[in-house]
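Step one of this worksheet: look at the structure below.
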Amino acid sequence: MKTVTFEDIKTNEEIKTYISAADKALSELGYTEHSFAHVTRCAEGASSILRRLGYDKRECELAQIAGYIHDIGNIINRIDHAQSGAVMAFRILDKLGMDPSETARIICAIGNHDESTGVAVSAISAALILADKSDVRRSRVRNSDIASFDIHDRVNYAVEKSNLELDTQHNVITLFLEIDTTISSVMDYFEIFLKRMLLCRKAAEYLGLKFRLNINGLSML
């Protein structure tokens with residue numbers, strides 16, 4: 001079996017095509033950015049979390065790979081995109097010759113990253129959930145007409161600063177947000193993202209951590 005590296009994944013033309021096409025499909029549906037900026041942040045975030053918790057180099061790289069390809073299922077449909085993405089990832093990784101035990105860990109994480117059906121069932125899946133759900137930022141909003149924003153646009157556009165911080169000394173991981181409340185209220189944020197934040201809490205618990213949400217200097221969760 002071949003050792004498939006993150007560089008192999010990042011430079012793979014087939015994967016590039018699926019990421020671009022999936023983001024284009026979501027753009028047509030009015031969703032926020034899910035292209036290379038998002039998947040790169042997820043890849044780096046998931047890998048960083050495991051590295052700082054002492055996981056071995058290869059496990060961190062598998063998390064990085066999972067983060068990079070976790071959203072390719074959106075090319076099929078937004079509904080159940082985690083599951084369809086896992087099937088697509090299996091085909092790609094199998095064709096590349098990845099060891100089945102490593103492929104299994106990646107597709108398991110991809111298939112469990114969405115808040116509607118996902119569960120933190122492994123370290124990789126937990127790290128992916130935390131990295132994915134914490135990517136809330138103004139630059140993900142495509143709509144340039146503020147007057148026509150829906151609640152998803154408002155909530156993302158209102159976030160002026162977002163930072164996921166891991167305190168290994170106290171076993172706490174905190175999502176710090178600075179929100180412009182003239183654009184979106186804190187309650188709007190909870191309406192849209194509460195389910196995601198609860199999934200983050202469970203993911204953190206899987207990794208032996210406590211999850212905290214801090215908005216404008218106030219602890220909210």
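Predicted model, so just to flag it, every value in this text is computed and none were measured.
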For the atom pair CG (Asp99) and NZ (Lys2), what is the distance rounded to the nearest 0.5 Å?
13.5 Å
Check for a donor-acceptor pair, side chain of Ser47 on one end and backbone N or O of Glu44 on the other, with a separation under 3.5 Å.
no
Rounded at 0.5 Å granularity, tell me how far CG in Leu177 sits from NZ in Lys161.
11.0 Å
Salt-bridge contact Arg196-Glu115 (side-chain N to carboxylate O under 4.0 Å):
yes
Report yes if the side chains of Ile107 and Thr103 come closer than 4.5 Å at any heavy-atom pair, otherwise no.
yes
His38-Asp132 side chain donor-acceptor pair, cut-off 3.5 Å:
yes
Closer than 3.5 angstrom, by distance alone: can the side chain of Asp8 be matched with the main-chain N or O of Val4 as a donor-acceptor pair?
no
Ser148 and Asn143 side chains, donor-acceptor separation under 3.5 Å
yes
Okay, side chain of Lys133, backbone of His113: is any donor-acceptor separation there less than 3.5 Å?
yes
Quick check on Ile79: does its CD1 atom have over 12 non-hydrogen neighbours (other residues, nucleotides or ligands) under 6.0 Å away?
no
Looking at every heavy atom in both Ile179 and Ser184, which two are closest together, and how far apart are they?
CG2-O, 3.6 Å
Thr32 backbone acceptor or donor facing Arg140 side chain under 3.5 Å:
no
Checking Gln169 against Asp167: is there a side-chain donor and acceptor pair closer than 3.5 Å?
no
Counting only heavy atoms not in Phe90, do more than 12 fall under 6.0 Å of its CZ?
no
Does either side chain, that of Glu14 or that of Tyr18, offer a donor lying less than 3.5 Å from an acceptor on the other one?
yes
Distance (rounded to the nearest 0.5 Å) between Leu62 CG and Thr5 OG1
11.0 Å
Under 4.0 Å between a Lys/Arg side-chain N and an Asp/Glu carboxylate O for Glu61 and Arg58?
yes
What distance do Leu166 atom CG and Arg51 atom CZ have between them, rounded to the nearest 0.5 Å?
10.5 Å
Using only atom types and a distance under 3.5 Å, with no angle test, would you say the side chain of Ser185 pairs donor to acceptor with the backbone of Asp188?
yes
Between CG on residue Asp153 and OH on residue Tyr31, distance to nearest 0.5 Å
12.0 Å
Output yes when a side-chain donor or acceptor of Ser134 lies under 3.5 Å from a complementary backbone atom of Leu130, and no otherwise.
yes
Can a side-chain donor-acceptor contact be found between Asp114 and Thr117 if the only test is distance below 3.5 angstrom?
no
Do Arg105 and Ser122 come close enough that some side-chain heavy atom pair is under 4.5 Å?
no
Taking all non-hydrogen atoms of both residues, which atom of Ile110 and which atom of Ala86 are closest, and how far apart?
CG2-N, 3.6 Å
Can you find a heavy atom in the side chain of Tyr189 that is under 4.5 Å from one in the side chain of Leu194?
no
Could you tell me whether Lys210 and Glu205 have a side-chain N and a carboxylate O separated by less than 4.0 Å?
no
Does NZ or CZ of Arg138 lie under 6.0 Å from the centre of the six-membered ring of Tyr157, at an angle within 45° of the ring axis?
yes
CA sep, side-chain torsions, deciding dist, call: Lys16, Glu13, salt bridge (Lys or Arg N to Asp or Glu O under 4.0 Å):
CA-CA 5 Å; Lys16 288 181 183 179; Glu13 292 301 322; 3.3 Å; yes
Separation between CG of Leu164 and CZ of Arg41, rounded to the nearest 0.5 Å
10.0 Å
Just by modelled atom types, is the Asn156 backbone N or O under 3.5 Å from a matching donor or acceptor in the Arg137 side chain?
no
Check the surroundings of atom CZ in Arg91: do more than 12 heavy atoms from other residues, nucleotides or ligands lie under 6.0 Å from it?
no
Close side-chain approach of Leu207 to Ile49, heavy-atom, < 4.5 Å
yes
Ile15 side chain reached by Ile9 side chain, heavy atoms, under 4.5 Å:
yes
With a 3.5 Å cut-off and no angle check, do the side chains of His81 and His34 form a donor-acceptor pair?
no
Hydrogens and angles aside, do Thr17 and Ser20 bring a side-chain donor and acceptor to less than 3.5 Å of each other?
no
